[in-house]
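Read through the structure below, which is laid out as structure tokens, and then see the notes.
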Amino acid sequence: SASSDALEDALVARVGFEAQAGDFAAVADAAGYEAFVAVGESQSTAAALWAGVRQAEERRDAELGADEAADEAADASGRLRGLVLTLVPSMGAERAERYDEMRERIANTFGDAANATDPRTRADFEDCSVGYGCVPFAKYLAAKKSDLPSLETLRDLKPWFPPTIVLADYADEPAHPVENGRLVAEALGARFGVVDTREEREARWPGEVATFIRGVYATETQNEQKEGDDARVGSRATKSFEAPRGGSRGTPTVSYTHLT
């Protein structure tokens, strides 16, 4: 119905993938960091991609448009220094098809999305199917209707995207198709890694992620040295990688996981 469509669109606008793109910077702000590497898994990988798109668009507009406002926005958003994208979820037509199937189940069970998400009658209704815990069904519905940036968009923004690594696991198919990870990596010119089992993932991925983040930090450090004559840039870059008091120095990482 029209009312259900409007409700679903409102949920996506509020808590969908694109709406969550600013969460990484919000966590960094709360932790006292000016720059960070965003680490995503499944749905937070989608949110991280949207964060990368926002920053890349602003950098592109500043570079090509020479617009003062765009330049200020790009300078402010350049704090996202890298992306670690694990378990890229379904996307595009495949995701839309799965959402239509879920919508049919909602109709059969509740009548429409309004009934399924009404806190007066479904306050205790949560999705607990994935193993990470439970989330309110309204947020689950918004995530299922959300989509990732298109591959065309990623290819177009590739020159302005931060360094990226994409990691996939055959054990997590079909919810997280390995081919989707490969396609995202190809679109961004990113490094791609794949494992066959969750045991292999646990053994390999922590080291691969750490190596990637060290590489981002090393690149930033080299840039600081090259720009050493520019006191303003040098000062800002040094501050970006200064951990809060009591922490360790290095590129801060904002990492969190959403349910699939």
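Computed over heavy atoms, backbone and side chain alike; hydrogens, waters and symmetry mates excluded.
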For Asp9, all residues meeting salt bridge (charged side-chain N to carboxylate O under 4.0 Å, His left out), sequence neighbours excluded: Lys145
Is Tyr170 close to Val195 at the side-chain level, that is, under 4.5 Å between some pair of heavy atoms? no
Using atom types as modelled, flag every donor-acceptor pair under 3.5 Å from a side chain in residues 177-189 to any protein atom, sequence neighbours excluded.
from	atom 1	to	atom 2	distance (Å)
Glu179	OE1	Arg182	NE	3.3
Asn180	ND2	Pro89	O	3.0

What distance separates Leu148 CG from Gln43 CD, expressed to the nearest 0.5 Å? 10.0 Å
Test side chain to side chain donor-acceptor pair (under 3.5 Å) applied to Trp160 - qualifying residues, sequence neighbours left out: Glu63
Residues which pass side chain to side chain donor-acceptor pair (under 3.5 Å) with Arg95, listed by chain and number, not counting sequence neighbours: Ser90
Exercise: identify the closest heavy-atom pair between Val216 and Pro163: CG2-CB, 4.5 Å
Are side-chain heavy atoms of Leu87 and Arg201 found at a separation under 4.5 Å? yes
Report the residues that fulfil salt bridge (charged side-chain N to carboxylate O under 4.0 Å, His left out) with Arg98, sequence neighbours left out, ordered by chain and then residue number. Glu94
So, using side chain to side chain contact (heavy atoms under 4.5 Å, CB included) as the criterion, who are the partners of Asp29 when residues are at least two apart? Arg79
List for me each residue that meets side chain to side chain donor-acceptor pair (under 3.5 Å) alongside Glu173, sequence neighbours excluded, and say none if there are none. none
Minimum heavy-atom distance Phe212-Val37, with the two atoms named: CE2-CG1, 4.2 Å
Write down the atom of Phe17, the atom of Ala143, and the distance for their closest heavy-atom approach. CZ-O, 3.4 Å
Of all the heavy-atom pairs spanning Ser146 and Gly16, show the shortest one and how long it is. OG-CA, 3.2 Å
List the residues meeting side chain to side chain contact (heavy atoms under 4.5 Å, CB included) with Glu152, not counting sequence neighbours, and say none if there are none. Ser150, Arg155, Asp156
Shortest non-hydrogen pair, Val12 vs Ala142, comes out as CG2-O, 3.8 Å
Quick one: list whatever passes salt bridge (charged side-chain N to carboxylate O under 4.0 Å, His left out) with Glu208, sequence neighbours left out. Arg191, Arg204
In terms of heavy-atom contacts, Ala56 and Phe161 come closest through CB-CD1, 3.7 Å
Quick one: list whatever passes side chain to side chain contact (heavy atoms under 4.5 Å, CB included) with Ala171, sequence neighbours left out. Asp169, Arg198
Just jot down the salt bridge (charged side-chain N to carboxylate O under 4.0 Å, His left out) partners of Asp147, sequence neighbours excluded, or say none. none
I'd like to know if the side chain of Gln20 reaches the main chain of Val15, judged simply by a donor and an acceptor atom lying under 3.5 Å from each other, with no hydrogens or angles considered. yes
As an exercise, state the distance from CZ of Arg59 to CD of Glu57, rounded to the nearest 0.5 Å. 13.0 Å
To the nearest 0.5 Å, atom OG1 of Thr164 lies from atom CG of Leu85 at 6.0 Å
Identify, with sequence neighbours excluded, every residue that meets side chain to side chain contact (heavy atoms under 4.5 Å, CB included) alongside Thr197. Glu199, Glu200
Do Trp205 and Thr86 come close enough that some side-chain heavy atom pair is under 4.5 Å? yes
Going through the distances and angles, do His176 and Thr45 end up as a side chain to side chain contact (heavy atoms under 4.5 Å, CB included)? CA-CA 11 Å; His176 307 101; Thr45 278; over 6 Å; no
Taking Arg54 for its side chain and Glu18 for its backbone only, find out whether a donor-acceptor pair lies under 3.5 Å. yes
